[in-house]
There are 2 protein chains.
Amino acid sequence: MGVQERKARHKEELRQEILEVARKLFVEEGFKNVSMRRIAERIEYSPATIYLHFKDKSELIFELCEETFARLVERQEQLNERTYDSPIDFLREGLSGYVEFGVAHPDHYRVTFMMADDEIDPSTYQSPDCMGMRAFGNLRAAVEACVQQGLFPKQNADTAAQALWAGVHGLVSLYIVMPEFPWADRQKVTETLISGLIEGLQAG
Amino acid sequence: MGVQERKARHKEELRQEILEVARKLFVEEGFKNVSMRRIAERIEYSPATIYLHFKDKSELIFELCEETFARLVERQEQLNERTYDSPIDFLREGLSGYVEFGVAHPDHYRVTFMMADDEIDPSTYQSPDCMGMRAFGNLRAAVEACVQQGLFPKQNADTAAQALWAGVHGLVSLYIVMPEFPWADRQKVTETLISGLIEGLQAG
DNA sequence: AATCTAAATGAACGGTGTTCACTATGGGCG
DNA sequence: CGCCCATAGTGAACACCGTTCATTTAGATT
């Protein structure tokens, strides 16, 4: 009965090859230029074959994004293992890490958090246990810690977390969409937004 | 020579009819579902005719966005005519107006500030005198006033304006892309971000 | 050798933006 | 009036896209 296993292995290999080729196309030429036909050409199978392994294009790209966002989540959880003078330092670290990550993986970020429901399927990309949402969850937890220690007086954890998220998301998405904009100094802008918001939340 | 004028008028009428039909399709069915062929069908001309009036689809949609963003700019400039106790009140008004506007015109906002360069042409959408950029310019001016009056100590106007812009842009774009997200309370989140940031900038 | 199963595909469907050689219309002029 | 020419308009094509499905192919089982 080793035959079935070999077949299954073979199938999994092809699946991985599809992902590999798609990943390469995706990071090198962006979402728009990844087409099922081009992937098919590169793996030397017909386009229809891809549909034996993935429901549709959205699902395929989703896996690539999950893969990449998993690295952000991992990094966030590594941060968790260090100790900090204050939960605010931890939060700050998480926020700037988020921005760095987004800028480093613009296409993955775009697909995950900047695409309309007619291009991607929100029910998969925004499900509570997908990596993008888990990344936000970690951020929320960091805010929760601050609230619990009374560092963000009069703040609700959810509200504060969402405001902070919007802030860093705004940075990332503008950096991605407007690389030619005459930014004052990205580092400084990022710092100003993060520190500004945190101080504002502390002031209450 | 009234003939040429009549012809020119007729041409302008057709141009306006194209825009009108496109606008209707655009707000009712979103960017993705506005196709040159569907516009052509509705104006009862062939698709090729549209290209006698617009360079390409991007330019056509751009005009619609300009039109709409012009209303934001206008509103901002009306704000300018009132007087405020503090330039901070004026700034706050501008920021919440920006968010309201974005949420009210999600498709126009998406095209103007959330699309990649392979879908739209940044050199037109991000030119310094397009309405989107003028809207930011007004915001920047409001920040400048705060800086000049020493209300944002140790802050550079550009850096602060860009941070604030990123903040409100983040709100708008997340609201647009994730309408199903369990927002705490959009009003409160918006308030938290705007007030938080402003207080942070005041604290310096 | 015949049969069954799963993988793979060719060809099509219905769409997209865009271009271009061509036709048709109607005003200007001899 | 009839001819000419500019301009408006178009049909058909190009080169793509995602997706589906009836059909073929290949390989293992009986």
Side-chain angles (χ1 to χ4, degrees), chain A residues 1-19 21-22 25-26 29-64 107 111 115-121 124-125, chain B residues 1-19 21-22 25-26 29-64 107 111 115-121 124-125:
Chain A
M1 282 293 140
V3 164
Q4 288 205 346
E5 283 163 30
R6 193 197 58 204
K7 274 193 178 178
R9 200 165 53 237
H10 210 83
K11 184 161 182 173
E12 182 56 26
E13 272 168 23
L14 181 49
R15 195 189 141 89
Q16 289 306 322
E17 203 189 328
I18 294 168
L19 283 170
V21 164
L25 280 173
F26 186 53
E29 320 199 26
F31 175 80
K32 186 65 166 295
N33 296 315
V34 182
S35 75
M36 299 305 259
R37 288 174 147 94
R38 298 228 298 162
I39 295 170
E41 204 184 329
R42 270 187 169 50
I43 58 170
E44 295 177 290
Y45 279 81
S46 91
T49 300
I50 301 175
Y51 291 87
L52 301 176
H53 299 84
F54 300 92
K55 185 175 126 280
D56 55 25
K57 188 184 174 183
S58 182
E59 186 181 292
L60 205 175
I61 302 289
F62 175 67
E63 297 229 355
L64 298 182
D107 288 292
V111 172
M115 281 204 163
D117 49 336
D118 51 62
E119 292 170 295
I120 56 111
D121 177 12
T124 62
Y125 282 84
Chain B
M1 281 299 138
V3 164
Q4 288 204 348
E5 282 163 31
R6 193 197 60 204
K7 274 192 177 177
R9 200 165 52 238
H10 210 82
K11 184 160 181 174
E12 182 56 25
E13 272 169 25
L14 181 50
R15 196 189 140 88
Q16 288 307 321
E17 202 189 328
I18 294 169
L19 283 169
V21 164
L25 280 173
F26 186 53
E29 319 199 25
F31 175 80
K32 186 65 166 297
N33 296 315
V34 182
S35 75
M36 299 304 259
R37 287 174 149 93
R38 297 230 294 160
I39 295 170
E41 203 185 329
R42 270 186 170 51
I43 58 170
E44 294 179 291
Y45 279 81
S46 91
T49 300
I50 301 175
Y51 291 88
L52 300 176
H53 298 84
F54 300 92
K55 188 175 124 281
D56 55 23
K57 186 184 174 183
S58 181
E59 187 182 291
L60 205 175
I61 302 290
F62 175 67
E63 296 228 355
L64 298 182
D107 288 291
V111 171
M115 281 205 163
D117 48 338
D118 52 60
E119 290 170 295
I120 54 113
D121 177 12
T124 62
Y125 283 84

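Quick note: numbers below take in every heavy atom, side chains included, and nothing from hydrogens, waters or symmetry partners. Each chain gets a letter, A, B and so on, in the order the sequences are listed, and its residues count up from 1.
Side-chain nitrogen and oxygen atoms of Thr49(B) include at least one within less than 4.0 Å of the OP1 or OP2 phosphate oxygen of dT10(D). Taking only side-chain nitrogens and oxygens, Lys57(A) never comes nearer than 4.0 Å to OP1 or OP2 of dT19(D). Here Ser35(B) reaches the OP1 or OP2 of dT16(C): one of its side-chain N or O atoms lies under 4.0 Å away.
Residue Tyr51(A) has its side chain nearest to dT19(D) when only dT9(C), dT19(D), dT18(C) are considered. When each of dA7(C), dT10(D), dT19(D) is scored by its nearest atom to the side-chain atoms of Met36(A), the top-ranked nucleotide is dT19(D). Side-chain proximity of Ser46(B) to dG11(D), dT19(D), dT9(C): nearest is dG11(D). Picking from dG10(C), dT19(C), dT19(D) the nucleotide with the shortest atom distance to the side chain of Ala48(B) gives dT19(C). In this structure, the nucleotide among dT16(C), dT19(D), dG9(D) sitting nearest to the side chain of Arg38(B) is dT16(C).
Crowding of Glu41(A) atom CD: a count of heavy atoms from other residues, nucleotides or ligands under 6.0 Å not exceeding 12.
Taking atom CD of Glu59(B) as the reference point, atom P of dG17(C) lies 15 Å away to the nearest angstrom. dG14(C) atom P lies 15 Å from atom CD of Glu41(B), rounded to whole Å. Rounded to whole Å, atom C1' of dA7(C) lies 8 Å from atom NZ of Lys11(A).
Counting any heavy atom pair closer than 4.0 Å across all strands shown, Ile50(B) reaches no nucleic acid atom.
Judged by distance alone, the side chain of Tyr125(B) and the main-chain N or O of Phe62(B) form a donor-acceptor pair under 3.5 Å.
Contact of Arg37(B) with dG17(C) (side chain to base): a donor-acceptor pair of N or O atoms is detected under 3.5 Å.
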